[in-house]
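Each remark here refers to the structure printed beneath this line.
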Amino acid sequence: MIKINKVGIIESGDNYGYQVKIIDDSENTGGCLVLTSKNFDDPSSEAFDDWVQNRTELVSYVEEANWVIKWSE
């Protein structure tokens with residue numbers, strides 16, 4: 001299950017070892033932001049963002065990246 005507004009660790013797939021956070025941006029763009037970083041707590045850490053149009057595309061995005069994510073509580 002993909003969790004929204006929670007930080008997770010990518011345990012396998014593309015970007016292995018990175019943190020990931022999905023942000024619901026439906027009020028502004030109708031979609032979701034996909035944020036990845038080596039460490040969200042470190043402002044100088046390498047980070048990337050992407051956008052998907054809707055939840056269906058979000059699921060496809062995660063599947064295509066072969067991500068297994070361990071989500072924080």
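Worth saying up front: this structure is predicted, and the values here are computed from it rather than measured. Note: hydrogens, waters and symmetry copies are ignored here, and every other heavy atom, side chains too, is used.
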### Query
With no hydrogens and no angle check, is any side-chain donor or acceptor of Trp67 less than 3.5 Å from a backbone partner on Asp14?
yes
#### Entry: Any Ile4 side-chain heavy atom under 4.5 Å of Leu58 side chain
yes
### Task
Without swapping roles, check the side chain of Ser72 against the backbone of Val7 for a donor-acceptor pair under 3.5 Å.
yes
### Query
Are Asp42 and Ser44 close enough, and set up right, to give a side chain to side chain donor-acceptor pair (under 3.5 Å), and what steps lead you there?
CA-CA 5 Å; Asp42 180 358; Ser44 65; 2.8 Å; yes
### Message
Once you measure the plane-to-plane angle for Tyr18 and Phe48, does it fall in the parallel (<30°), tilted (30-60°) or perpendicular (>60°) bin?
### Response
tilted
### Message
Walk me through whether Ile9 and Tyr16 qualify under side-chain contact (heavy atoms from CB on, under 4.5 Å).
### Response
CA-CA 8 Å; Ile9 302 292; Tyr16 168 80; over 6 Å; no
### Task
Go through Asp49 and Val34 one step at a time and tell me if the side-chain contact (heavy atoms from CB on, under 4.5 Å) criterion holds.
CA-CA 6 Å; Asp49 65 343; Val34 181; over 6 Å; no
### Message
Between Arg55 and Asp24, does any NZ, NE, NH1 or NH2 come within less than 4.0 Å of an OD or OE carboxylate oxygen?
### Response
yes
#### Entry: Expected output: side-chain Ser45 to main-chain Asn39 donor-acceptor under 3.5 Å
yes
### Heavy-atom side-chain proximity of Ile22 to Cys32 below 4.5 angstrom
yes
### Query
For the atom pair NZ (Lys70) and CD1 (Ile10), what is the distance rounded to the nearest 0.5 Å?
14.5 Å
### Task
Hey, could you give me the NZ/OG1 distance between Lys21 and Thr36, rounded to the nearest 0.5 Å?
13.5 Å
### Query
Are Val20 and Leu33 grouped together when hydrophobic residues (ILVMFWY) are joined by side-chain heavy atoms under 4.5 angstrom apart?
no
### Summary
Note: Gln53 and Glu57 closest approach over all heavy atoms is N-OE1, 3.2 Å
#### Entry: Least distance between heavy atoms, Phe40 atom then Leu35 atom
CZ-O, 3.7 Å
### Task
Assess whether atom NZ of Lys6 is packed by more than 12 heavy atoms of other residues, nucleotides or ligands within 6.0 Å.
no
### Query
So do Ile2 and Val59 actually touch side chain to side chain, heavy atoms under 4.5 Å?
yes
#### Entry: Main-chain N/O of Ser60 paired to Glu64 side chain as donor or acceptor, under 3.5 Å
no
